[in-house]
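These notes are about the structure you will find just below.
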Amino acid sequence: MSESPAHRHFIQQIVDADLADGRRSEVVTRFPPEPNGYLHIGHAKSICLNFGLALEFKGRCHLRMDDTNPTKEEVEYVDSIKEDVRWLGFDWGGHYYQASDYFDRMHADAIRLIQLGKAYVCFLTQDQIREFHGDEKRPGRPSPTRDASVGENLMAFERMTRGEFDEGKAVLRAKIDMASPNMHMRDPVIYRIRKAHHHNTGDKWRVYPMYDYAHPLEDAYEGVTHSICTLEFEVHRPFYDWLLRTLDTPVKPQQIEFARLNLTYTVMSKRRLLELVQEGRVAGWDDPRMPTISGMRRRGYTPAALRRFCETVGVTKNNSLSDVALLEHAVRDDLNRTSSRFMAVLDPVRLVIENYPEGQVEELQAVNNPEDPSAGTRKVPFSRTLLIERADFLEQAEKKFFRLTPGQEVRLRWGYFVKCTGCRKDAAGKVTEVTCVYDPSTRGGDAPDGRKVKGTIHWVSEAHAGEVEARLYDRLFAHEDLNDIPEGKDWRDLLNPESLRKVRARVEPALLAVGPGTRVQFERNGYFCADAKDSKPGAPVFNRTVTLKDSWAKQAPKA
RNA sequence: AGACCCGUGGUGUAAUGGUAGCACAGGAGAUUUUGGUUCUCCUUGUCGGGGUUCGAAUCCCUGCGGGUCUACCA
């Protein structure tokens with residue numbers, strides 16, 4: 001990074017201090033998603049943070065499925081999470097865990113808690129619990145069974161565990177302080193009854209631990225030293241510490257909170273992403289418009305770009321909204337160095353070279369990547385009838401227009417200088433064909449007499465060009481800050497109706513051969529990625545990853 | 001209304017009592033066989049008010065603004 005080279009974010013500083021004063025002798029972190037959805041770019045930030053810390057301090061980072069709620073979790077999600085973490089470039093080694101693998105141990109600890117007089121079974125209904133809870137101004141009231149004996153609680157919890165009660169009829173609660181200003185300390189529920197099938201433990205359990213209870217224990221069982229989570233868990237920390245202290249676990253991990261990532265023009269909550277998928281507003285979790293890791297992968301974003309972006313946004317406790325331009329810059333920066341160039345015409349119009357011999361075909365040599373000589377060259381067929389972008393011709397243009405307009409000379413990329421002679425139009429006045437003459441001495445794109453042209457345009461030979469589907473993606477939402485919805489609007493109203501435009505593009509022959517997942521640049525158009533799902537051998541489908549920066553579009557009159 | 005957290009250019013982030021810097025975005029120019037890339041330059045900031053100090057973005061007080069919390073979700 002170009003920030004001050006010695007900069008260490010606040011979590012690194014905490015770890016530095018812990019190691020320096022001997023409070024810790026190693027660094028163990030974890031990335032603990034609940035497998036109830038696909039990972040998104042916000043998770044990528046957490047993954048980079050946790051695995052990054054482990055790498056930096058030569059510790060380890062566990063991948064752990066936080067699967068304590070059987071009604072919301074699925075193996076499909078487990079598999080996608082593993083794939084995404086790996087794709088991002090991180091390795092959990094042998095340290096893959098599941099919260100559900102600890103259910104026995106957690107249950108035993110719950111019994112221990114009861115024996116310590118620190119937990120009790122409560123038979124209040126959900127509504128009653130809420131009512132007894134009190135609020136900011138009023139302390140809560142004790143549950144009728146709050147002071148039941150250890151024996152009674154042990155028995156009641158045993159009956160809960162055996163499935164003798166229906167869902168909702170009883171819960172196990174920690175016994176802390178019904179008057180605490182922190183609501184999470186007012187005897188939080190730590191076990192509830194769920195008669196549901198769990199994707200890992202099957203039908204073994206009828207009681208399942210709550211997040212607040214399970215998470216600190218998972219961390220402690222695994223020897224996690226630094227348990228990093230997002231800001232909204234700040235108020236949960238007192239309970240996290242209370243539980244470890246009360247149970248006196250051998251390892252006492254430290255919970256540290258940082259600000260979650262927010263991005264302009266998109267949503268980041270799993271709930272909303274799930275709704276987009278379920279309501280069919282996108283094609284799936286991996287729709288290239290989604291901020292999911294799988295969506296971005298399909299769109300053509302690289303792991304390096306995502307990692308770089310996460311570095312750029314940093315780690316702080318500030319609530320912030322990162323400009324998606326930061327992400328796009330990281331992507332362009334990476335793709336500019338690594339992707340091969342090709343010529344593809346997204347909105348074709350015919351260009352006829354009047355003085356080029358009918359039937360003649362030449363193979364012109366094109367450079368694959370000007371940023372990388374080792375990428376080599378390729379041959380591109382050239383002939384009398386070409387296709388160019390419709391926007392590269394203007395019958396009447398101002399002086400700043402460097403492309404084709406009657407009387408003006410431009411270079412055909414890797415081809416010849418051509419001078420525009422005019423155009424033909426249909427009855428409606430639409431241009432059907434642009435005409436020009438070429439200078440045979442400029443083959444390859446340089447004039448022997450040293451004359452210059454201001455513009456270079458891309459092209460394909462009509463007779464040789466392939467035709468492919470290109471999907472032009474734009475931002476999913478037309479609204480910048482999705483955490484700030486205008487009065488009277490639903491967030492769905494803010495979807496960008498033009499987030500996807502499909503076109504039939506005409507492409508140079510070499511482009512037909514690229515395999516699924518290949519990232520390329522369409523010269524002067526943008527970076528594209530052959531869709532991993534819909535591409536067929538010889539018939540790739542291209543997703544536009546991001547456009548090229550376009551300083552002409554900014555000042556040009558709208559086409 | 002309480003408790004807790006957070007306020008640095010348009011955006012993100014440094015400076016940890018001692019020159020407010022970097023990246024993105026925006027603007028101008030140069031280079032260029034992509035109006036891309038690269039290079040140069042420029043615009044824009046410490047939320048307000050007090051205090052401590054030789055010196056405050058940094059420490060204290062206060063006001064303001066934003067966020068979080070009152071699930072048998074995580």
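All values below come from the heavy atoms of this structure, side chains included, with hydrogens, waters and symmetry mates left out.
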Under 4.0 Å, heavy atoms only, any strand: does [X] hit a base, just the sugar-phosphate, or nothing?
{"X": "A/Asn525", "answer": "nothing"}
{"X": "A/Arg403", "answer": "base"}
{"X": "A/Leu548", "answer": "base"}
{"X": "A/Glu167", "answer": "nothing"}

Worksheet entry | Sorted by number, the residues of residues 316-330 of chain A with heavy-atom contact under 4.0 Å to RNA chain B |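 When residues 316-330 of chain A is checked for heavy atoms under 4.0 Å from RNA chain B, the hits, listed by number, are A/Thr316, A/Lys317, A/Asn318, A/Asn319, A/Ser320, A/Leu321, A/Ser322, A/Asp323, A/Ala325, A/Leu326, A/His329.
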Worksheet item: Which residues in residues 119-134 of chain A have at least one heavy atom lying under 4.0 Å from any atom of RNA chain B?
Response: A/Leu124, A/Thr125, A/Gln126, A/Ile129, A/Arg130, A/His133, A/Gly134
Worksheet item: Would you say the side-chain atoms of A/Ser374 and A/Asp372 include a donor-acceptor pair closer than 3.5 Å?
Response: yes
Side-chain N or O of [X] versus OP1/OP2 of [N]: is the shortest distance under 4.0 Å?
{"X": "A/Lys454", "N": "B/U32", "answer": "no"}
{"X": "A/Arg237", "N": "B/C5", "answer": "no"}
{"X": "A/Arg260", "N": "B/G67", "answer": "no"}
{"X": "A/Arg192", "N": "B/A74", "answer": "yes"}

Worksheet item: Any stacking of A/Tyr211 on B/A74, going by centres under 5.5 angstrom and planes within less than 30 degrees?
Response: no
So for [X] and [N], does any side-chain atom that can act as donor or acceptor lie under 3.5 Å from a complementary atom in the base?
{"X": "A/Arg524", "N": "B/G35", "answer": "no"}
{"X": "A/Arg337", "N": "B/U37", "answer": "no"}
{"X": "A/Glu311", "N": "B/G12", "answer": "no"}

Of the candidate nucleotides [options], which contains the atom at the shortest distance from the side chain of [X]?
{"X": "A/Ser551", "options": "B/G35, B/U13, B/C72", "answer": "B/G35"}
{"X": "A/Asp135", "options": "B/U70, B/C72, B/G27", "answer": "B/U70"}
{"X": "A/His184", "options": "B/C69, B/G36, B/G2", "answer": "B/C69"}
{"X": "A/Pro370", "options": "B/U34, B/A74, B/G26", "answer": "B/U34"}
{"X": "A/Glu371", "options": "B/A15, B/U37, B/U34", "answer": "B/U37"}
{"X": "A/Lys549", "options": "B/A74, B/U37, B/A14", "answer": "B/U37"}
{"X": "A/Arg341", "options": "B/U70, B/A74, B/G36", "answer": "B/G36"}

Practice prompt. Could you run through RNA chain B and flag its stems, i.e. three or more consecutive Watson-Crick or G-U pairs with both distances under 3.5 Å?
Written response: B:2-7 with B:64-69, B:10-13 with B:21-24, B:26-30 with B:38-42, B:47-51 with B:59-63
Worksheet entry | Separation of the C1' atoms in B/U70 and B/G65, to the nearest angstrom | 23 Å
Discussion item. What's the gap between B/G55 and B/G63 when it is taken at their P atoms, as a whole Å value?
Written reply: 26 Å
Discussion item. Would you call the rings of A/His43 and A/His40 parallel, tilted or perpendicular, taking 30° and 60° as the class edges?
Written reply: tilted
